[in-house]
**Q** 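Shown below is the structure under consideration.
Residue numbers begin at 1 in each chain, while the letters A, B, ... track the order of the sequences.
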Number of protein chains: 2
Amino acid sequence: MDNRSSPKAARIAAEPRQGAQAIRRALSVLRILAAGREDGVPLAEVVRATGLTRPTVHRIVHVLIEEGIVERHDRSGRYAIGNQVPELALARPRPSPLLVAAEPSLRRASTEIGDTLFLTMRTGNDTLCVDRRIGAYPIQVLSIEVGARRPLGVSSAGVAILAALPAQDARKIVAANEKRFETYRTDAATVLGQVTAARRRGYGMREIGLVQGTKSISTWIKTTDGRPVAAMTVSAVRTRLGPRREQEVAEILLRETRAIEQAIGG
Amino acid sequence: MDNRSSPKAARIAAEPRQGAQAIRRALSVLRILAAGREDGVPLAEVVRATGLTRPTVHRIVHVLIEEGIVERHDRSGRYAIGNQVPELALARPRPSPLLVAAEPSLRRASTEIGDTLFLTMRTGNDTLCVDRRIGAYPIQVLSIEVGARRPLGVSSAGVAILAALPAQDARKIVAANEKRFETYRTDAATVLGQVTAARRRGYGMREIGLVQGTKSISTWIKTTDGRPVAAMTVSAVRTRLGPRREQEVAEILLRETRAIEQAIGG
DNA sequence: GCGTTGTTGTCCATATTATGGACAACAGAT
DNA sequence: ATCTGTTGTCCATAATATGGACAACAACGC
């Protein structure tokens, strides 16, 4: 009851505006549900991931259902993003400038590498897969789809983005996501270790992908102000990405990453 | 303080769940902002349209800005749907079954009629344009774009949908939208008159379109349970739609409307 | 110059609103 | 039959969101 501080206080880093706890909570519920995609998420998982109490989550979710923002699947009882969300999204028709800037690079890298390529952007404390290119090689890792959303740190793309952030910011995000890591069978310490390794290596990597037997390599994409906003990822069965080829692939990714950065800047 | 009623009360028409006023209010703000599309909406207009007080709207809007759900345009000071909304929408990739069912009919009707064709669906108390086909005739009415959202009643599509609803429901919606009609230079009495006329005529019509010198004809599309969910509209410069041609066009629309209804049902 | 009418933004005492502990009911395991 | 996992509901309570009042600024008229 004292930190109201100076009258026209610094607005630089956005002191949290008060008087809307419920709205903020509803949004954090929505973001968890978004990670569940079509299948949705059980209530208990939302409770775990948000750290809210169950009555609160239950109330929020059911109000959102009445409003058409959330749906409940009758069979499974899981909750998912409802059809009014895309309807609201139609108000914003222009395609993301990132996607436009990345398109040629994705096409080039995809034909050159031949394995599945992903473009993943950061949104808040999550990564969001916004584009996927399937390569020519007969075995492709297709587990991740456009729209897939995961806590920053869980995928190699997330690790790459964390590695490119100031260390302090990265630690904060990892701490904020800690409760959610359990679901993805990892923990804060592991993630921080991978981030450090990626920082040294110059790109992100996961020897054990989220899917058994796959391996992923990710490079981060920064805007002109130096903040990483996205990552470019190659996923393949592990045997396809031995040390020699890892090097080759990483070089292609780094080259195209720079091309995307230039396209955004210019 | 008595209508808590029977223990396992009728859930048929969804008695409003309480304990989330703020969330509901935030959503009604969002829906108004969605109607403003890229340009957004001034705060005062949101206040008028929602009937909330200005401090409340201001607080809600600014919390949503902090959360990335709303953006404020620096030049105009207007508020608009932010980029996190499409990001959340990515969680729901499947295309609307209505769009799929309507596609062949839209294509047929568009080539046959030659004027601009719209598919507009109902969402809550609004209409939302979800598809537009440009015809072969050199003068086309392009004012309405995919994503355009307006209160039910102001467009001919909205009038058509209201006409196909039970009279009592239609009256309720018109009453709920009354505060917003002012912005579109109409009022409840006018709308109700147009709805009655449309009901008698069998399709919706606006002699004076939202754009000067245009005329629109709309037919309603019902699901098997008899509820109208969308409308198909032709817009053209008024001189293109004299009484003779109005009749022709209406017949084509009604025919294709029935085709869509069958495609949804089967 | 000086009202007038339109904005947007902020403060803070107040009471309305959202909260969460406790309880209930059900589904699968063991 | 008991345990552990769910989801859903109630309601007294405290914390939260509310909105009246005030302020600052812009555009317009005269």
**Q** Between A:Tyr79 and D:dT6, is there a side-chain N or O to OP1/OP2 distance below 4.0 Å?
**A**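 Answer is no, no contact under 4.0 Å.
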**Q** Between A:Arg59 and D:dC11, is there a contact of a side-chain N or O with OP1 or OP2 at under 4.0 Å?
**A**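 Checking D:dC11 against A:Arg59, no side-chain N or O comes under 4.0 Å of OP1 or OP2.
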**Q** From the set C:dT7, D:dT6, C:dG9, return the single nucleotide nearest to any side-chain atom of A:Ala44.
**A**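 When the side chain of A:Ala44 is considered, D:dT6 is the closest of C:dT7, D:dT6, C:dG9.
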**Q** Short question: side chain of A:Thr127, backbone of A:Arg150 - any donor-acceptor pair under 3.5 Å?
**A**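 It does hold such a pair.
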**Q** Whole Å only: how far is the CG atom of B:Leu52 from the P atom of D:dG20?
**A**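 Going from CG in B:Leu52 over to P in D:dG20 covers 12 Å.
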**Q** In this structure, how many angstroms lie between the P atom of D:dA17 and the CD1 atom of A:Ile60, rounded?
**A**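 Checked: the CD1 to P distance equals 11 Å.
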**Q** Should we count CZ of B:Arg227 as having more than 12 external heavy atoms under 6.0 Å?
**A**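 No - once you tally the heavy atoms of other residues, nucleotides and ligands closer than 6.0 Å, there are 12 at most.
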**Q** Any donor-acceptor pair under 3.5 Å joining the side chain of A:Arg54 to the base of D:dG8?
**A**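 Yes, a donor-acceptor pair under 3.5 Å.
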**Q** Under 4.0 Å, counting only non-hydrogen atoms across every strand here, what does A:Arg25 touch: a base, just sugar-phosphate, or nothing?
**A**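 It contacts sugar-phosphate atoms only.
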**Q** Looking at C:dT19, I'd like to know if its phosphate oxygens (OP1 or OP2) sit under 4.0 Å from a side-chain N or O belonging to A:Thr53.
**A**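 It does not, given that no N or O in the side chain of A:Thr53 lies less than 4.0 Å from OP1 or OP2 of C:dT19.
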**Q** By the definition side-chain hydrogen bond (donor to acceptor under 3.5 Å, both in side chains), identify the one residue from B:His73, B:Glu71, B:His62 that meets it with B:Tyr79.
**A**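 Checked B:His73, B:Glu71, B:His62 against B:Tyr79; only one passes side-chain hydrogen bond (donor to acceptor under 3.5 Å, both in side chains): B:His62.
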**Q** Answer yes or no: is there an ion pair linking B:Glu66 with A:Arg24, defined by an N-O contact shorter than 4.0 Å?
**A**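 A salt bridge is present here (some side-chain N lies under 4.0 Å from a carboxylate O).
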**Q** I need the CZ-P distance between B:Arg24 and C:dT17, as an integer number of Å.
**A**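 Atom-to-atom, B:Arg24 to C:dT17, this comes out as 12 Å.
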**Q** So what does A:Arg72 hit on the nucleic acid, given a heavy-atom distance under 4.0 Å: a base, only sugar-phosphate, or nothing?
**A**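 It contacts sugar-phosphate atoms only.
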**Q** Quick check on D:dT7: is either OP1 or OP2 less than 4.0 Å from any side-chain nitrogen or oxygen of A:His58?
**A**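 False: A:His58 side-chain N/O out of range (4.0 Å or more) of D:dT7 OP1/OP2.
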**Q** Check whether any side-chain N or O of B:Gln21 sits under 4.0 Å from OP1 or OP2 of D:dA17, and answer yes or no.
**A**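 Indeed not, no polar side-chain atom of B:Gln21 lies that close.
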**Q** Using the closest heavy atom to pick a nucleotide of DNA chain D for each, name whichever of B:Pro55 or A:Ala20 lands nearer the 5' end.
**A**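 Counting from the 5' end, the first nearest nucleotide belongs to A:Ala20.
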**Q** When you get a sec, tell me which of D:dG8, C:dT8, C:dG20 is the closest nucleotide to the side chain of B:Pro42?
**A**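 For the B:Pro42 side chain, the nearest candidate turns out to be C:dT8.
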**Q** What integer distance in Å separates A:Ile23:CD1 from C:dT19:C1'?
**A**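 Nearest whole value for this atom pair: 16 Å.
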**Q** Please state how far atom CD in B:Glu45 lies from atom C1' in C:dT7, giving the value in whole angstrom units.
**A**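 Spelled out: CD on B:Glu45 to C1' on C:dT7 is 13 Å.
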**Q** Do A:Asn125 side-chain atoms and A:Asn177 backbone N/O form a donor-acceptor pair below 3.5 Å?
**A**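 Not confirmed, A:Asn125 side chain does not pair with A:Asn177 backbone.
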